[in-house]
Every structure is written in C-alpha cells, then in structure tokens.
Amino acid sequence: MNYTLLAIFATAFCLHATAQQETTDSLMRTTTQREMMPAWQQVWQEMMENDETDDGQTVDLYDLLQELAEHPINLNQATREELEQLPFLSSQQVMDLIEYRDRYGALLSMGEVRMVQSMDYQQLALLPYFTYLGKPDETQRFPKLKSILKHGRHELTASLHYPLYERKGDRNGYLGYKLRHWLRYEFSYGKYVRIGLVGAQDAGEPFFANRNSWRGYDYYSYYLQIGKLGRIENLVVGKYKLSMGMGLVMNNSFMLGKMTTLQSLGRTVSTVRPHASRSVADYLQGAAATVRLARPLSVTVFASYRPLDATLNADGTVSTLVYTGYHRTPTEMEKKHNTHLSTLGAHIEYENKGLHLGASIVDTHSDRSIEPDTKTLYRRYQARGNHFVNGSVNYRYMHYRFAFNGETAINRDGAVATINALSFQPSAAWSLVALQRFYSYRYTTLSGHAFSEGGHVQNESGIYVGGTWQVFKRLQLKAYADFASFAWPRYRVSQPSSARDFQGEAIWKMSRQWTLKGRYRLHLKQRDSEQSKMLQRFNTQRARLTAVYRRGEWTSLTQADWTQASTDKTEYGWMVSENVGWQRSKWQLNLMGAYFDTDSYDCRLYVYERQLPREFAFPMLYGNGIRLSVVGRVSIASGLQVVAKAGVTRYFDRLAIGSGLQQINSKTMSDLSLQMRWRF
C-alpha cells in the first residue's frame, strides 16, 4: 500500500504546469485577490460561531469550507448540486441565484449578486471567498490528458509548530519530540482532477522511530478525485468523506449546527469529497463513486476498509473506539490500528423538479466484537457486536417559497430515527424554519451524524424553531429556540433529562465601515450533582457585543464577552478582545489581544484569532490571564507565500498549566508556527 502511495505522489509531482489557460489565469487572479481580503474564518465566525467550538464537528465544517475556498465554484456555470455545497445558502437562495443567471445571462461582477433579493449581506460577504466569475465552459467535456498535464495546478504546503515550553511528557513519557509538523501536496485541474497526499505528525509522536520507523509520519491521507467523466459525476479513490440524506446512517462530513440551520434553513446535501485534512476522527478509505443513471436518477456506491484505535477488554474485544489519533505514549501506541472496519453502502436518488427521493443502506463489519461495559447505565444501549446494518429513506419537496426535507432510518434491531425540517421564506425580509427529530435510545450507528443537542444520533427527541428578519436594510434579527429530551441516562446524567436552548442576536450595519452585533444565549441543562445521583440544574448564559470596522487596508474586531454558569452555586466570566488586521500588496499582518477572567472551567470562553491556512483552533480560555498573538504573511514571489505566527498565553492565577503528561511548569505558554505554500 505504501509503495502505491509513493507512486501516486511521484506521478502527480512530475506533472509540470508549463502554461495556463485563460480560465485558469482568471481563477489564479481571483484566488490572489481572495487571499487579500479579511479571512473568511473571521466572516464566518462573526455570522455562525455558537460558543461550542470544542465540538469535533466544527473542525469538519471548517475543513469543508477550506476545501471550497481553495477550489471555488464558477458562479456563471455552477449547477444546483455544486451551489448546494455552500452550507450558508438555503435551497431557495440557490434556486434564486440560478434563476437570475438563466434570466439575465452571465454575471459580470459580484455586486450583481446583490440583485438576488433573498440573499442577505452576510451571505453576500461570504460568497467571494468560495466562488468566482469565470467564462462558462460550453463543451462540458472531460479534458484530454495532455490538457490536464499542461494546465494543471500544483500546490505544496509545509507547516511547522514549535512550542517554547516543555511539557512533563516531553521530559519523560512521550515517544517523540515536541514539534508538530505536516506536509501536503495537491495537483488539481478545475473540477475534473485532484490528486493529493498529506502527512502529519502531532507533538510527542515518534517520527521515523518506534512503530513509525518505516513510514515516517504517524498519519497519512491520500486521494484521487475525478469529476464529470461521462456518467461518472464524481469518483474518489483513497481516503474520503461521505454524507447521505440528512446524516442518520452515513455522515462523516459535518452536521448542521443551530446557527447553521438558520442560514441553510435545514437543507443538507449528499456529497463525496476527498479527505484532504489531518483529522483522523471520521473518514472512509477505499473508493466511492456517484453515477448518473438517467437525468433524474443517480446512485452513489462506496466501499471502505480502514483501521481504528480501540481500548480492548481482557478477552480481546473492543471496549471503546478511540478517535483522538494520538500515539504519543506506549499505551496510546498499543491501541494504534488494532481494530479494522469494513463498510459497504449505496445511496440512490431520484429528482424531478421540486421532488427529491432517496434511499440509503450501510453495512459495517468489525474484525473485533464491540463490547462496551453495559453495567454503566449510559452505555447499555451503545453499539454492540461486530455486524451493523442501517437503512433509510430521505425526501425533499420544494415549492416556490417553502421546502420540506427529512430522513427516516432503521437499524438491524428495528429501532427508528427520524429528522424532518420545514422552512418558509415568504419574502427577502424574513424566513422561518422548524426542525423535528426523534432518535430512539436503541438506535445505533457507527457512521451517522445529524442535528442534535446531545451530539449523537441516539437517545434524543426535540423541536427546533428559528427565524431571520431583515427589519430594514441595515438591521437584521436572528433567533432560535430548541427543546430536547432524553429518554435514557447519558454521560454524567444518570436519569432521563431535558435541555432548553434559546439564542437571539441583532446585527446593525451602521455604515459601509462599521457593523455592530449583539448576541445572547440561555442554555438550560441537567446533570448529576456531585453529592448524589439526583439531577441538578446546569444553566449557562452567554452574551457578546462585537464591533467590526473595515476600511481600505485596515480591519478591526472589538469584542466583549460575558458568561454565567449556575448549578448549586453561580460563577461568572468575562473577556475583552481586539483583533486588528492590515494588508497591502504582498503583505498582511494581524494582531490579537485578549484579557479574560472566569471563575471556573464551566465559564470558559473562546476567542477568535487568525490561524494559519488549514489550521483549525479557537483558543479556549478560563481562569485569569491574557492571550496575545501575531500573524504575518508575505508573498515572496509569484505563487510562493510564507506565513508565520507567534502566540503567548499568560495566567495570573496559577503556577502550572495543564495536568498529567501535558503539564507545563510555568504560568506562560508560548509557541511559534511557520508555514510555506508554493503554487505553480
């Protein structure tokens, strides 16, 4: 297998781009212009961030958006399926965009998109990061190999993270050194061909040592994607991500969040895409293809065989599947790839005008039987055995200003899960969405992810309602309410329980330069008390006020956060932060500073700071201290770019940071990062 990967990598790397077509030149210029805009992560965070960035699915969503940003869509040629990949657009907005283009012809400027009345200004701000205006390709034929070799684009990225501190495990405990680094190469030709290889190493993992002595990096991802090849609309070989329906039986891409649902109005899309990131939590390994059988009918088939880490019982069965991907200690290394999953599945779709029908089946087999400790109540109905089958039907109907979509699934034991969403957008000024879900506590799936409060497609029922109102041109209001109940005990909740979640925000665009935003969230949950198994309330309140300034070369984001956590006692936290950005020609500079003061971990806060490309992290802060960071980027030559970042966190309320092998015997934690990207 490793020789095959090497062959793929060597073949792709030898494809030399000696010239560029007019379309490719236009795309490269657009990409350069896009890089000089404020980070799309900042725009997205301003619109969507929901104070739960520790959710692993957030990384998957950012991974998807990064892929779309690096491979933007031609608005003058995009199909409905391509535009529906953008998670911040609703089905109605996608239809309105296509209708406008069909009626008035190719768009001449991004400003013309403002004529689509159902789009709000935040979506208009995001579109240039993920789309461009190019000439339509009238032939729509798969290019010849000669054209691919001649006009393809290469990208090589190398990244290094160096901590200026020493953890306890660095001195004695970790198998490797404290550096974290990764390497990524990709060759692409439009929407037709992508070939890539990623190698990644976490801090503390052995590099060309121990069990990695012959393979170097601890983790690799590799992929080949071919699109628009006759009836084969999409083919991916290697590691890939896959979503079907609304995610009840198969979704290792991302799931809808509560604010994302407001923007997309509950819309989901079935996709197959390469796994081009360093995330090891969810992916498939093998091949997947979407084939157009007829104009309204398509089928997606896939096969996967992948290794997993697991904690084993004494008899060799699996106690817990481990998705962290860390292999820093002998214990973690013993768990590496000791279990394998084989997965086969298919998804068939029928679409005619506004009617969409689909059916999915997924069959998974583990080479070790999964046997969790069922004596613990919350684990009693977790997935057990070594053979799992899930099937579902999904459906969608759109009629002018309203849409209904959903999915209903069943597992091999006959347990049911269903999710259904109804949206209504009567005018450009306001929209409504309602979403219902019911996941039986006996329903199990190893590969499903869908909208939820508890984070799993199991043991949950609930109703979500939300709406957006454009009061007038410069003022927008958003709000949602979510009511969830759990029929069976959960982790740290030993009885049936419930949760309530309310959030509202107002966005006032004062002028072309200034935007003010206010947000308030009330989250009411239950969990076991420390003294007994009785449930106690665990309520959190969060408020945020943000001022954004953009003018010419300068951008500024000033933010104040406040939080309160209430159990048998009430604790508080607050933070003020400032982000300043400057850019000119080939240079960019971003500075961030934050002061935080919280009573406990329950009052933790998250701060936005500029990251290096393909780095996903929002620092979590609690206690008392400051966080500072600086990011600089320079374009040395055509296609060659260097990015550097320095960050420091200093605490005033402790002498050590972290615990266990991660403990740092200092009140200060500093680190440096360097990345080089070469496009040619």
Side-chain angles (χ1 to χ4, degrees), residues 1-15 59-72 82 85 142 145 148-149 152-159 182-201 215-229 232-244 250-254 270-291 300-308 325 337 341-345 447 613-614 616 677 679:
M1 176 64 73
N2 288 278
Y3 292 109
T4 303
L5 300 185
L6 186 60
I8 293 175
F9 176 71
T11 302
F13 192 81
C14 292
L15 302 178
V59 176
D60 291 326
L61 178 56
Y62 271 75
D63 180 26
L64 170 63
L65 291 172
Q66 183 71 56
E67 290 294 314
L68 293 171
E70 294 183 357
H71 300 88
E82 290 173 330
Q85 295 180 57
F142 192 83
L145 179 61
I148 295 174
L149 300 180
R153 185 180 69 172
H154 305 258
E155 181 177 309
L156 180 64
T157 305
S159 188
W182 56 270
L183 183 69
R184 178 177 181 267
Y185 168 78
E186 182 175 279
F187 171 84
S188 62
Y189 182 85
K191 57 187 176 183
Y192 298 105
V193 176
R194 286 179 65 189
I195 303 174
L197 176 67
V198 180
Q201 193 79 16
R215 53 182 287 158
Y217 282 111
D218 185 76
Y219 168 79
Y220 285 97
S221 182
Y222 51 93
Y223 53 89
L224 165 65
Q225 181 182 34
I226 297 176
K228 308 298 181 181
L229 180 60
I232 301 177
E233 293 191 340
N234 192 13
L235 169 66
V236 181
V237 178
K239 295 186 178 181
Y240 58 94
K241 296 271 192 175
L242 175 63
S243 63
M244 304 189 306
M250 172 57 69
N251 179 20
N252 53 27
S253 184
F254 75 96
S270 301
T271 60
V272 181
R273 62 185 179 92
H275 179 52
S277 79
R278 295 172 289 111
S279 172
V280 301
D282 276 313
Y283 66 84
L284 297 173
Q285 181 175 264
T290 299
V291 181
T300 298
V301 294
F302 66 94
S304 169
Y305 180 76
R306 65 155 296 188
L308 283 173
H337 299 175
L341 289 184
S342 303
T343 307
L344 298 173
S447 49
R614 291 196 166 270
F616 310 97
R677 181 168 56 176
R679 289 174 173 170

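Ring orientation note: the planes of Phe302 and Tyr240 are nearly perpendicular, at an angle over 60° on the 30°/60° scale.
When all heavy atoms of Ala303 and Leu344 are compared, the pair lying nearest together is CB-CD2, 3.5 Å. Here the closest heavy-atom approach between residue Tyr217 and residue Trp182 is recorded as OH-C, 4.1 Å. Closest heavy-atom contact between Asp218 and Arg215: O-NH2, 3.3 Å. Between Val280 and Gly325, the shortest heavy-atom contact is CG2-CA, 3.3 Å. Nearest heavy atoms, Leu242 versus Thr300: CD1-CG2, 4.3 Å. For the pair Val198 and Ser277, the tightest heavy-atom approach, listed with the atom from each and the gap, is CG1-O, 4.3 Å.
Legend: residues meeting ring-ring contact (aromatic ring centres under 6.0 Å, His included) with Tyr219, ordered by chain and number and at least two apart, are absent. A search for side chain to side chain donor-acceptor pair (under 3.5 Å) contacts involving Thr157 returns nothing, not counting sequence neighbours. Residues satisfying the side chain to side chain contact (heavy atoms under 4.5 Å, CB included) criterion with Ala276, sequence neighbours excluded, are Glu67, Arg184, Arg194, Tyr223, Arg614. Every residue was checked against the side chain to side chain donor-acceptor pair (under 3.5 Å) condition with Gln201, not counting sequence neighbours, and none meets it. Looking at residues two or more places apart in sequence or on another chain, you find a side chain to side chain contact (heavy atoms under 4.5 Å, CB included) between Glu233 and Thr290, Arg292.
Of the inter-residue distances, the one linking Tyr305 atom OH with Gln285 atom CD reads 9.5 Å to the nearest 0.5 angstrom. In this structure, Leu284 CG and Lys241 NZ are separated by 9.0 Å, a value rounded to the nearest 0.5 Å. Interatomic distance, CG of Asn252 versus OG of Ser447, reported as 7.5 Å (0.5 Å rounding). Atoms CG and CZ, on Leu156 and Arg677 in that order, are 11.5 Å from each other to the nearest 0.5 Å. Between the CD1 atom of Ile226 and the CG atom of Leu235 there is a distance of 5.5 Å, given to the nearest 0.5 Å.
Taking the side chain as every heavy atom from C-beta outward, Gln225 and Asn234 approach each other to under 4.5 Å. With contacts defined as side-chain heavy-atom distances shorter than 4.5 Å, the pair Ile148/Phe142 qualifies. The shortest distance between side-chain heavy atoms of Gln85 and Leu68 falls below 4.5 Å.
No donor-acceptor distance shorter than 3.5 angstrom exists from the side chain of Lys191 to the backbone of His71, with no hydrogens or angles considered. A donor-acceptor contact shorter than 3.5 Å links the side chain of Lys239 to the backbone of Tyr220.
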